[in-house]
Amino acid sequence: MSESAASERTSALDHPYDPAEVESHWYRHWVEKGYFTPQLPSALDDATAAELRKKAFTIFIPPPNVTGSLTMGHVLVQSLQDVVIRWRRKEGDLALWLPGTDHAGIATQNVVERMLAERGRTRHELGRDGFLKEVWQWKEKYGGLITEQEKRLGCSLDWTRERFTMDEGLSRAVNEVFVRLYRKGLVYRGHYIVNWCPRCLTALSDEEVNHEEREGQLWHIKYPIKGTEKFLTVATTRPETMLGDVAVAVAPKDRRYSKLVGKTLVLPLMRREIPVIADEYVDPKFGTGAVKVTPAHDPNDFAIGQRHGLEPIVVMNPDGTMSDKAGDFAGLDRFAARKRVLERLSDLGLLARTETHKLSIGTCDRCDTIVEPYLSLQWFVRMKPLAEPAIEAAKRKRVKFFPPRWTKVYMHWMTHIRDWCISRQLWWGHRIPVWYCEAPGCNEIIVDTTPPTECTKCHGGKLRQDEDVLDTWFSSWLWPFSTLGWPERTNDLRVFYPGSLLVTGPDIIFFWVARMIMAGDEFMGEEPFPHVYLNSIVRDAQGRKMSKSLGNSPDPIEIMNRYGADALRFTTIFLTPTGQDLIFDEKRCETGKFFANKIWNAAKLVSMRLGDLDPTTVRDSQLTLTLTDRWIVSRYARCVRDTTRYLKTYRFNDAANAVYRFAWHEYCDWYLELVKPRWSDEGAVGDPAGARTARVIAHRVLEGILHLLHPFMPFLTEEVWQAIPHQGESITVAPWPKAKKAWFDADAEADMALLRDLVVAVRNLRAEMNLPPAKMVPVVVRGDEKQSEKIRANRDLLAPLARVDQWTISPQATRPGVAASAVVRGMEVWLPLAGLVDLDAERMRLAREADRVLGDLEGTRRKLMNQDFLTKAKKEVVERERAKLAQLEETVAKLKRAEEALRA
RNA sequence: GGGCGAUUAGCUCAGUUGGUUAGAGUGCCUGCUUGACAUGCAGGAGGUCAGUGGUUCAAGUCCACUAUCGCCCACCA
């Protein structure tokens, strides 16, 4: 490398670390270079496809809502995926991370309707087409916000393959799936009780309803028995539904009521005559043992009604007001009606009593309105047949969950699966591909992927498409293959399906994960991914889930502005516990920022000291490794091995931790400090080979750290890597480090541990004695031959770290008069400090230390006196205890001697 | 009503198949403008591992029960 290049290089790091600057330009560069876009040949024969398939590593992003903006939850999920995909890319895989957004039917429609409301308009004024035009406009304008934020975060997504669930291609897949399932008899239409949101005015699936336990009331109402003065008392939590009662049911074997079965009651307030029937469903022990039957407003009652041939009466309108079938109460809101009904019953003396009662209440996932069980005509998917292969997949471990406990949650839902209500009374979404012939008397239903021009039966041209759209998740569950071009057998589909990993929150296991597995099995014959990693839920310092509505989620963009995207990513992952929730506090981002700064400065130091040496051209044979070099190389190898291993098992925080600890506390704190004297210019004069080695090793390990850190901190690592000597055009695509076996050096690690302990002991003594750091001290060490030899050989290395100017090291060394002392690995270490030592304080310190050791010694001694331990414990454990005992006894003796010496 | 998870330093968490003195980050205390970094360096204090009982030579780790907190599932009106 030339002079000028070298100085240019140095200047790149020659200013303080500024994340905003570092993160401002790389993303565009990466995208322009196409690093995130795996290329396939346009003509792809099967053999080549199979080859590429082996190299492919695919992650499908959980598509965020187009209405969304980045939350801390997204930051965590996206960062985790980016870590994996960047790591796999560096490992040489054909890595695809496919981006996109979800049209989010209800959520988006709500947002746009709110916007219209601000302009004083409603969607009904605009009409269906006009409204949809508004939504698309809105989507064009704001739909890109979250994807821009993903770029800011550094997500290495392939934007050339970006998808939206309402894209033409994905819509085709949706229609195809609907039609196939219909023809297989797995999609059907019918009148059933569904969850109805009176605010959103649509049906919901069971998963879109949240159940909350609330304190409510159980009202006991007296129904007069026709032709008598007597009553039959029923209990209910929703008295307004009595207006739609068509019967009262009792348990068949309930003696109390057996005489009443078949008799007629007069429904209060409605004066309708209804029968008393017997049905197994009724639990005689609950309430009064008599149940009012309202088939149009309760799923159980609906079933009872069907068994007994009772006609349901719908007493409520879709918006939650009472219908014209509700007599005097028509037009009242359901809760006003409830109050009124109770008042009237009370006036009539028909309210027997009221008791408090815990009940679970269903609310709309989107708007929190209390959901109403409501009889209506909807489309459903028969789920049992789809669930079977998906259950097998988990049983046979073709799909594995991380952490594994989520498997149970998945299995429980799968084995208790119920049919999926997929029609929504909305405008924004995939229109159901069903047409009804309007020719008089025809009634033909046409289900097809493309709009028919005439009736298949009567050839009439008057066709009306079903008004409803499909549940948002009906497109999301196809995501892993619809995004790749299915139903066409595209090259992308052949190479990238199935994917490799899914990362998502446990809250959408049912909504999305389970359904994707079912769709994969059904339409591709193969599960969409072998591994599902469920990430932590992000909570605030008080442990509350971070959410928009609570307003307790900080804006990630602001955090990035303050700390940097790298810091945010690193911190989030560093903090996320495997399988537990993440408690996030913005201030913690300092961890990441300070670490980035540390790396920056270490690189600056190394870069400065390299001078005009280009370490990438130096061969191993030109190096002469010292103990320090061998040690850091060995520790580095360990770090590479550990980090890679943690990534493989999705222990992301451990991976981040491993790099952090090694880079900071081994490489910076010890290695760089240890080599400083060697690679200084003076050192180079005396020992040019040694100086070169120190520079090259420092550079190599630094570069290795950058590689390991790159998935976590992409911007910083690219900037620094580009600023130091390197080969290749981007760290993004430079190979992931491999730990060579030969790098592991147990001897070097053991020797360094001894030297480190000694340095720490001396520092410790200095601190206890309140010696200023500038003051140099003499040190006397008495250890065995081997220890003395090691220390003597490396004393120049230790001198600057321990601030020692004069060493006495020998097995025969003696106490130098008045001294502070310590025992390290059996070695006695003295700081001769006549006049400086506070004798009393030092004696007390030694006594305390001896006490502590004595405690351990007692425990060990007791163990070794236990006959059972000696005979039953493993031999090496006993041996270890014996060695420990000897060592402890020696240490105590030495400490005692030191203490006594101070008495004299 | 079922199921799951958590309980280890002031705070947030590690702690593999039981086996040296239970670790890390952060916070706290002390001392340092040591030519990369005060976003730093060095040193230190701080824990009866929620409780009880059991298995074992040996339990933070395995088993049972209890307590507290959190989450999920469930059509008792």
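Each chain gets a letter, A, B and so on, in the order its sequence line appears, and its residues count up from 1. Note that these values count all heavy atoms, side chains included, but never hydrogens, waters or copies made by symmetry.
Nearest-nucleotide positions on RNA chain B place R405(A) closer to the 5' end than the other of R405(A) and K292(A). When each of F286(A) and K408(A) is assigned the nucleotide of RNA chain B bearing its nearest heavy atom, the one mapping closer to the 5' terminus is K408(A).
Using cut-offs of 30° and 60° on the angle between ring planes, the pair W196(A) and Y374(A) is tilted. By the 30° and 60° cut-offs, the orientation of the rings of F510(A) relative to W413(A) is parallel.
Across all strands shown, V282(A) has heavy atoms under 4.0 Å from base atoms, whether or not it also approaches the sugar-phosphate. Residue K285(A) is out of contact with every strand shown, counting any heavy-atom pair closer than 4.0 Å. When heavy atoms are screened at a 4.0 angstrom cut-off, R882(A) is found touching no nucleic acid atom at all. Within the nucleic acid shown, H357(A) comes within 4.0 Å of sugar-phosphate atoms alone, with no base atom in reach, counting heavy atoms only. Among the atoms of the strands shown, none is found under 4.0 Å from any heavy atom of R766(A). Residue G289(A) is classed as a base contact, given a heavy-atom separation below 4.0 Å to a base. Looking at heavy-atom distances under 4.0 Å, V409(A) makes no contact with the nucleic acid at all. Within the 4.0 angstrom heavy-atom criterion, only backbone atoms of the sugar-phosphate kind lie near I583(A); the bases stay farther away. Using a 4.0 Å heavy-atom distance criterion, Y646(A) is classed as making no nucleic acid contact.
Going from the P atom of U16(B) to that of G60(B) covers 12 Å, rounded to whole Å. Taking the P atoms as reference points, A42(B) lies 41 Å from C63(B), given to the whole Å. Using P as the reference atom, U61(B) and G15(B) are 14 Å apart when rounded to the nearest Å. Rounded to whole Å, the separation between the C1' atoms of G23(B) and U8(B) comes to 10 Å. Across the P atoms, C49(B) and G10(B) are found 13 Å apart, a figure rounded to whole Å. Here, G19(B) and C75(B) have their P atoms 45 Å apart, quoted to the whole Å. The C1' atoms of C71(B) and A14(B) are separated by 23 Å, rounded to the nearest whole Å. Taking the C1' atom of each, U56(B) and A50(B) are spaced 23 Å apart, rounded to whole Å.
A straight line from CZ of R588(A) to C1' of U12(B) spans 5 Å, rounded to a whole angstrom. Note: NE2 (H416(A)) to P (A74(B)) measures 10 Å, nearest angstrom. Across the protein-nucleic acid pair, N770(A) atom CG and C32(B) atom C1' stand 12 Å apart, rounded to whole Å. A straight line from NE2 of H211(A) to P of C75(B) spans 6 Å, rounded to a whole angstrom. The CD1-P distance, from I509(A) to G5(B), rounds to 13 Å in whole Å. With rounding to whole Å, R238(A) atom CZ is found 12 Å from C76(B) atom P. The separation between R539(A) atom CZ and C69(B) atom P is 15 Å, rounded to whole Å. In this entry the distance linking CG of D279(A) with C1' of C76(B) reads 13 Å, nearest Å.
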Note to self: What verdict does the ring pair (Phe, Tyr, Trp, His ring centres under 6.0 Å) test give for F652(A) and Y646(A), after you've listed the backbone C-alpha separation in whole Å, the side-chain angles of each residue and the deciding distance to 0.1 Å?
What the structure shows: CA-CA 7 Å; F652(A) 299 106; Y646(A) 287 139; over 10 Å; no
Checklist line | Working for side chain to side chain contact (heavy atoms under 4.5 Å, CB included), residues T294(A) and F302(A) | finding: CA-CA 7 Å; T294(A) 324; F302(A) 181 75; over 6 Å; no
Note to self: For a ring pair (Phe, Tyr, Trp, His ring centres under 6.0 Å) check, start with the C-alpha distance between H665(A) and Y671(A), then their side-chain angles and the critical distance, and finish with the verdict.
What the structure shows: CA-CA 9 Å; H665(A) 297 302; Y671(A) 184 71; over 10 Å; no
Margin query: Please evaluate residues W406(A) and F401(A) with respect to the criterion ring pair (Phe, Tyr, Trp, His ring centres under 6.0 Å), reporting the C-alpha separation (whole Å), side-chain torsions for both, the decisive distance (0.1 Å), and the verdict.
Written below: CA-CA 6 Å; W406(A) 293 111; F401(A) 292 85; 8.8 Å; no
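A salt bridge links E849(A) with R852(A): the distance from a Lys NZ or Arg NE/NH1/NH2 to an Asp or Glu carboxylate oxygen falls below 4.0 Å. Between R562(A) and E586(A) there is a salt bridge, since a side-chain N of the basic residue sits under 4.0 Å from a carboxylate O of the acidic one. Ion pairing between a basic and an acidic side chain is recognised when a charged N comes within 4.0 Å of a carboxylate O; E876(A) and K874(A) show no such pairing. Using a 4.0 Å cut-off between charged nitrogen and carboxylate oxygen, R256(A) and D254(A) count as a salt-bridge pair.
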Next item on the list: Using a 4.0 Å heavy-atom cut-off, write out nucleotides 34-44 of chain B from 5' to 3' as B (base contacted by protein), S (sugar-phosphate only) or - (no contact).
Entry: --BB-BSSSSS
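Side-chain proximity of S360(A) to the nucleotides C57(B), C75(B), A74(B) is greatest for A74(B). Among G19(B), C72(B), G25(B), the nucleotide with an atom closest to any side-chain atom of F510(A) is C72(B).
Both cation-pi conditions hold for R763(A) and W670(A): the charged atom is under 6.0 angstrom from the six-membered ring centre and inside a 45 degree cone around its axis.
Listed pair R862(A) / C57(B) fails the phosphate criterion, with no side-chain N or O lying under 4.0 Å from OP1 or OP2. At A74(B), none of the side-chain N or O atoms of H412(A) fall inside 4.0 Å of OP1 or OP2 (strictly under the cut-off).
Interface remark: the N300(A) side chain does form a donor-acceptor pair with the C75(B) base, using a distance-only criterion of under 3.5 Å.
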Next item on the list: Any chance you could encode RNA chain B as dot-bracket? Rule is Watson-Crick or G-U wobble with both distances under 3.5 Å; [ ] for pairs crossing earlier ones, | for another strand.
Entry: (((((((..((((.....[...)))).(((((.......))))).....(((((..]....))))))))))))....
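With rounding to the nearest 0.5 Å, the separation of CG in D566(A) from CG in L716(A) is 5.5 Å.
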